[in-house]
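The block underneath contains the structure these notes are about, expressed in structure tokens.
Just so it is clear, the values below take in all heavy atoms, side chains as well, and ignore hydrogens, waters and symmetry mates. So you know, we letter chains A, B, ... as the sequences are listed, proteins then strands, and number each from 1.
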Amino acid sequence: MESNQPLLEVEHLSTHFFTENGVVPSINDITFSIAPGEIVALVGESGSGKSVTSMSIMGLVESPGKIVNGRILFNNQDLTALSYRKYQKIRRNDISMVFQEPLTALNPVFSIGFHLVETIIVQQKVSKKKAKAIAFEWLEKVRIPNPKEVFASYPHELSGGMRQRVMIAMALSSHPRLLIADEPTTALDVTIQKQILDVMKTLSKELDTAILFITHDLGVVAEMVDRVMVMYGGEIVETSSVKQLFHTPKHPYSEGLLKSTPKIQQSDEKLDTIGGAVPSPANLPTGCKFHPRCPKAFDRCTSEHPSLINLNNENQVRCLLYES
Amino acid sequence: MSSYIRRRLIQLLPVMFIIIFIVYSLVYFAGDPVLLMLPENATQEDIAQMRAALNLDQPFYIQFFTYMSNVIQGDFGDSFSYNQPALDIVLERLPATIELGIASMIVAVGMAVPLGIWSALKRNSLTDVFITGGTVIGQAMPNFWLGIMLILVFSVNLSILPVSGTGTYAHLILPAITLGTGISAQIARLTRSSMLETLNQDYIRTAKSNGINRFSIIYLHAFRNSLIPVVTITAMQTNALIGGALVTEMIFAWPGLGQLLIQAIHARDMAIVQASVFIIAIIVILMNFIADILYKLLDPRIHLK
């Protein structure tokens with residue numbers, strides 16, 4: 001499963017939105033890579049640039065947004081240079097996506113069967129009959145108990161968990177190399193969350209599909225992934241293995257995030273929070289983007305923008321505290 | 001669904017009753033038809049006699065219920081200018097108006113939907129500005145002016161289409177364009193905004209991320225959803241269509257219901273006015289009813305109860 005050649009390499013990616021009120025630098029100088037079959041999380045609060053990163057990889061950043069810098073190498077092929085048609089081929093066969101809100105992500109006027117069959121036909125170039133058979137196979141794979149009924153249902157007739165299973169079936173039916181899951185369980189009940197995560201994990205193992213898991217839920221991270229990247233203010237501020245992040249978070253922001261996660265042992269204590277609010281990408285602070293909220297900030301933080309520092313092979317942090 | 005249709009049809013009855021009541025009251029309070037029907041030198045006695053013969057000396061509610069019971073039997077009274085049952089005359093004119101209405105709708109939808117989609121896809125471009133500007137002009141332009149201009153250009157100057165009358169498809173072209181343009185403008189604007197809204201929906205993003213080709217995304221996923229409000233508004237435009245038909249039929253001497261109604265109003269032929277309004281009301285109600293059913297067919301989330 002492990003190979004030296006990464007599946008996806010994002011290099012110095014910057015996506016900006018050119019609005020009437022000026023340029024909004026949603027993500028800046030993002031660099032990371034994902035190995036084949038690896039499950040990586042991208043963690044951050046709303047507005048930190050997680051979704052823009054995923055849409056950039058999908059090639060679906062819409063005007064006025066634009067990738068202004070950087071490369072996205074997928075199997076050594078630079079996606080940012082592709083035409084719409086060629087990108088279409090990548091989206092059909094190699095990279096899939098599951099979205100946060102499965103109700104609005106499915107077309108309300110088409111049945112589940114229509115969605116699946118349509119997707120399978122364009123992705124696998126099979127006949128309608130074959131596509132239908134594959135669709136049923138996938139409904140079973142994502143553990144939908146009554147495939148026949150669900151096939152004929154419309155999105156609004158299903159529960160959130162069922163809809164998300166359908167989304168996963170649509171995304172994985174082409175056996176993609178990479179699945180981008182953008183907060184796939186945020187809109188679901190906790191019990192359903194677990195089931196959906198299990199389905200995703202099992203199927204990705206089976207298909208050897210890598211997953212870029214976008215979430216703000218650290219519980220989900222602990223459950224699912226091998227490696228975590230923490231985003232803040234449109235930048236990656238820390239990369240680390242899950243274990244390391246939970247035991248010894250390096251960046252003050254990661255530390256804050258972990259402290260503000262409820263734990264069973266401390267049920268009667270007041271939960272820690274990170275003071276202040278996520279800065280708007282249109283109005284980012286100078287220097288370190290986190291300094292206005294950082295408990296460990298010192299004078300240099302307000303003016304000097306830290307670069308990503310390699311602590312060891314799998315651990316990087318963007319903080320002046322770690323400058324040697 | 002069939003129980004829904006049945007219930008809707010039953011609900012129609014009180015609506016029809018109210019319409020008949022309103023039309024009858026308007027005509028009743030508009031003035032005494034006897035004075036118009038008799039020559040100017042008629043004596044008071046003649047007038048009283050005529051009133052008694054027509055039941056006009058009875059109180060309003062008795063007159064109304066007599067009228068109502070006749071209407072239930074399909075009798076709207078006789079037209080005094082045609083000396084025939086009013087309903088027969090109205091029904092005889094109806095096909096011409098329906099023909100014009102359908103032709104106008106084809107013109108309206110045929111222009112509006114492609115233009116609306118096109119301007120939505122080219123949002124904020126020069127094309128969009130032209131189309132949107134054009135729809136404003138189309139909507140602001142009065143029917144009678146457009147009709148006369150079309151006659152001037154195509155019939156008088158270019159002599160390629162007949163000025164007025166009926167009989168061939170060529171006769172239908174100018175009235176249909178005249179009547180269809182205003183309606184078309186409204187549908188085009190709605191199609192545009194509806195398309196823009198659906199193109200921004202999450203499911204369009206899903207379709208894109210699944211590699212569905214652009215044509216299907218626009219014409220299957222987005223258009224199918226944008227169609228829902230468009231169909232509703234189009235069916236509701238029947239009102240505007242009939243209002244416009246009154247003017248258009250007069251301009252082009254189109255022998256339809258509109259022309260008949262205007263002539264009847266001029267002649268104070270109240271039986272025809274009442275029968276016409278009744279038929280028009282039924283058409284409008286039916287079209288709204290059809291809109292509801294289409295709505296259900298287009299959107300599986302709608303439950304008709």
More than 12 foreign heavy atoms under 6.0 Å from [atom1] of [X]: is that the case here?
{"X": "A:R143", "atom1": "CZ", "answer": "yes"}
{"X": "A:K125", "atom1": "NZ", "answer": "yes"}
{"X": "A:E206", "atom1": "CD", "answer": "yes"}
{"X": "B:F130", "atom1": "CZ", "answer": "no"}
{"X": "A:Y84", "atom1": "OH", "answer": "yes"}
{"X": "A:E149", "atom1": "CD", "answer": "no"}

Exercise. Name the option with the most non-hydrogen atom pairs under 4.5 Å to chain B; the candidates are A:Q123, A:H156, A:M58, A:E62.
Key: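 Sorted descending by pairs with chain B, the first entry is A:H156.
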Quiz item: Hey, which of A:L60, A:I95, A:V98 has the most heavy atom pairs under 4.5 Å with chain B?
Solution: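 Among A:L60, A:I95, A:V98, the one with the most close pairs to chain B is A:L60.
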Interatomic distance, [X] atom [atom1] to [Y] atom [atom2] [nearest 0.5 angstrom]:
{"X": "A:M170", "Y": "B:N210", "atom1": "CE", "atom2": "CG", "answer": "4.5 Å"}
{"X": "A:M97", "Y": "B:K208", "atom1": "CE", "atom2": "NZ", "answer": "12.5 Å"}
{"X": "A:T104", "Y": "B:I204", "atom1": "OG1", "atom2": "CD1", "answer": "11.5 Å"}

Practice problem: Compute the centroid of each ring, for A:F110 and then for B:H221, and state whether the two points are separated by less than 6.0 Å. | Solution: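 Ring centres of B:H221 and A:F110 closer than 6.0 Å.
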Practice problem: Kindly determine whether B:L220 and A:E118 satisfy side-chain contact (heavy atoms from CB on, under 4.5 Å), including the steps that lead there. | Solution: CA-CA 11 Å; B:L220 202 61; A:E118 184 196 32; 4.0 Å; yes
Quiz item: What heavy-atom pair brings B:N213 and A:Q88 nearest, and what distance separates the two atoms?
Solution: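 Nearest pair, atom of B:N213 first, then A:Q88: CA-NE2, 3.3 Å.
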